[in-house]
Amino acid sequence: MQFVTADTHFFHSELLGVDKFAPRPFPDVATMNQTIIDNWNAQVGEHDLVYHLGDIALYFTKPPRKSYAAVADVLAQLHGRLVLVKGNHDSRALFKYLAAHNFMVDGQPKYEFHDVGVLLKYNHRQYYLTHYPMMLGIAPQIINLHGHIHHYAVPTKENINVGIDAPELDYLNPRPRFGAPVSFAEVGEMIAAKAADLGKQR
């Protein structure tokens, strides 16, 4: 199966507790990290593919290599192969470290890297997978899956926030557990529900 997610923000201590932008009610980053790992692995199989649309982690150490190694250790625990789209908090140095420590899963690399986004056709629908929400103009046949804006949503039916704390997750019943990527079947449900919701508001 194929899944998509964004904004895991592993190790990001400033989001713990009551944060206006993206509150995370965990006592420490170790608990938050483990919760995301557990919920991810309960949803994703070892042979699945996950598109991660940026902001993997926020962790700064001296030397920086120590934080890259810690992030790599967390990512290695996640089921599936990861297609990583660079977010504003993802450094090229981290991607280089992951590339240097890549390993094989089912005969393919664990990590694949993209700077801007991925254009994908899935189940007769086109998706543009990016970190930032994109205003694609007159291209209603393309759905933009994105992260970056956490508890906020773009008020158009073509933009779906798939971050782990996105409001669009409320369209799913039950709402996914915190940190669990969403399948493309669930993305389809989110698209239909958001379009219907916005239609009611007109």
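This one's a predicted model, so the numbers in the text were calculated from it and none came from an experiment.
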Flag, side chain of Asn39 to backbone of Ala180, donor-acceptor distance under 3.5 Å: no
Transitive ILVMFWY side-chain link Phe103 to Leu84, under 4.5 Å: yes
Taking all non-hydrogen atoms of both residues into account, name the closest pair between His148 and Pro133 and its distance. CB-CD, 4.2 Å
Point-to-point distance, once rounded to the nearest 0.5 Å, from CG of Leu78 to OG1 of Thr5: 10.0 Å
State whether the number of non-hydrogen atoms from other residues, nucleotides or ligands found under 6.0 Å of Arg92 atom CZ is greater than 12. no
Could you please spell out the steps behind the salt bridge (charged side-chain N to carboxylate O under 4.0 Å, His left out) verdict for Lys157 and Asp197? CA-CA 9 Å; Lys157 66 185 189 321; Asp197 193 20; over 6 Å; no
Do His114 side-chain atoms and Val116 backbone N/O form a donor-acceptor pair below 3.5 Å? no
Check whether any side-chain N or O of His79 sits under 3.5 Å from a backbone N or O of Val44 as a donor-acceptor pair, and report yes or no. yes
List the steps, then state whether side chain to side chain contact (heavy atoms under 4.5 Å, CB included) holds for Gln77 with Asn33. CA-CA 11 Å; Gln77 297 176 58; Asn33 289 353; over 6 Å; no
Side-chain donor/acceptor of Thr61 to backbone N/O of Ser67, under 3.5 Å: yes
Hey, could you give me the CG/CD1 distance between Leu120 and Ile142, rounded to the nearest 0.5 Å? 11.5 Å
In terms of heavy-atom contacts, Val182 and Pro176 come closest through CG1-CG, 3.9 Å
With a 4.5 Å limit on heavy-atom distance, are the side chains of Trp40 and Pro181 in contact? yes
Can Ile37 be reached from Leu58 by stepping across I, L, V, M, F, W or Y side chains whose heavy atoms are under 4.5 Å apart? no
When rounded to the nearest 0.5 Å, the distance separating CD1 of Ile56 from NE2 of His131 is 10.5 Å
From His150 NE2 over to Asp165 CG, what is the distance, rounded to the nearest 0.5 angstrom? 5.5 Å
Nearest non-hydrogen partners of Asp55 and Asp90, listed with the distance: N-OD2, 2.7 Å
Once side chain to side chain contact (heavy atoms under 4.5 Å, CB included) is applied, do any residues pair with Asn173, and if so which ones, sequence neighbours excluded? none
Could you check if a side-chain atom of Phe11 sits within less than 4.5 angstrom of a side-chain atom of Val74, using non-hydrogen atoms only? yes
Single-linkage hydrophobic cluster, 4.5 Å side-chain cutoff, Leu129 and Tyr132 together: no
Minimal non-hydrogen separation, Leu15 against His9, with atom names: CD1-ND1, 3.7 Å
Between Ile143 and Val118, is there shared hydrophobic-cluster membership here, with clusters defined by ILVMFWY side-chain heavy atoms closer than 4.5 Å? yes
The reported gap from NE2 in His146 to CD1 in Ile160 (rounded to nearest 0.5 angstrom) is 7.5 Å
Between Leu16 and Met32, is there a side-chain heavy-atom distance shorter than 4.5 Å? yes
On a heavy-atom basis, which atom in Phe26 and which in Thr31 lie closest, and how many Å separate them? CD2-CG2, 4.1 Å
Using a 3.5 Å distance criterion without hydrogens, assess whether the side chain of Asn144 forms a donor-acceptor pair with backbone atoms of Met134. yes
Under the criterion side chain to side chain contact (heavy atoms under 4.5 Å, CB included), I'd like the reasoning laid out for Ile164 against Arg24: C-alpha separation, chi angles, the key distance, then a yes or no. CA-CA 11 Å; Ile164 66 173; Arg24 298 193 174 186; 3.6 Å; yes
Using residues 184-196 as the side-chain source, report each donor-acceptor pair under 3.5 Å to any protein atom, sequence neighbours left out, with the distance given to one decimal.
| residue | atom | partner | partner atom | Å |
| --- | --- | --- | --- | --- |
| Glu186 | OE1 | Gln43 | NE2 | 3.2 |
| Glu186 | OE1 | Ser183 | N | 2.9 |
| Glu186 | OE1 | Ser183 | OG | 3.4 |
| Lys194 | NZ | Val154 | O | 2.6 |
| Lys194 | NZ | Thr156 | O | 3.2 |
| Lys194 | NZ | Asn159 | O | 2.6 |
| Lys194 | NZ | Glu168 | OE2 | 2.9 |

Nearest 0.5 Å, what's the OG1-CG distance between Thr8 and Leu75? 7.5 Å
Check whether any side-chain heavy atom of Phe10 lies under 4.5 Å from a side-chain heavy atom of Val71, and answer yes or no. no
Which heavy atom in Phe113 sits nearest to a heavy atom in Ala99, and how many Å separate them? CZ-N, 3.6 Å
Side-chain donor-acceptor contacts of residues 121-128 below 3.5 Å, not counting sequence neighbours, with atom names and distances?
none

Arg177 vs Asp38, test: salt bridge (charged side-chain N to carboxylate O under 4.0 Å, His left out). Steps then yes/no. CA-CA 10 Å; Arg177 287 172 290 185; Asp38 291 344; over 6 Å; no
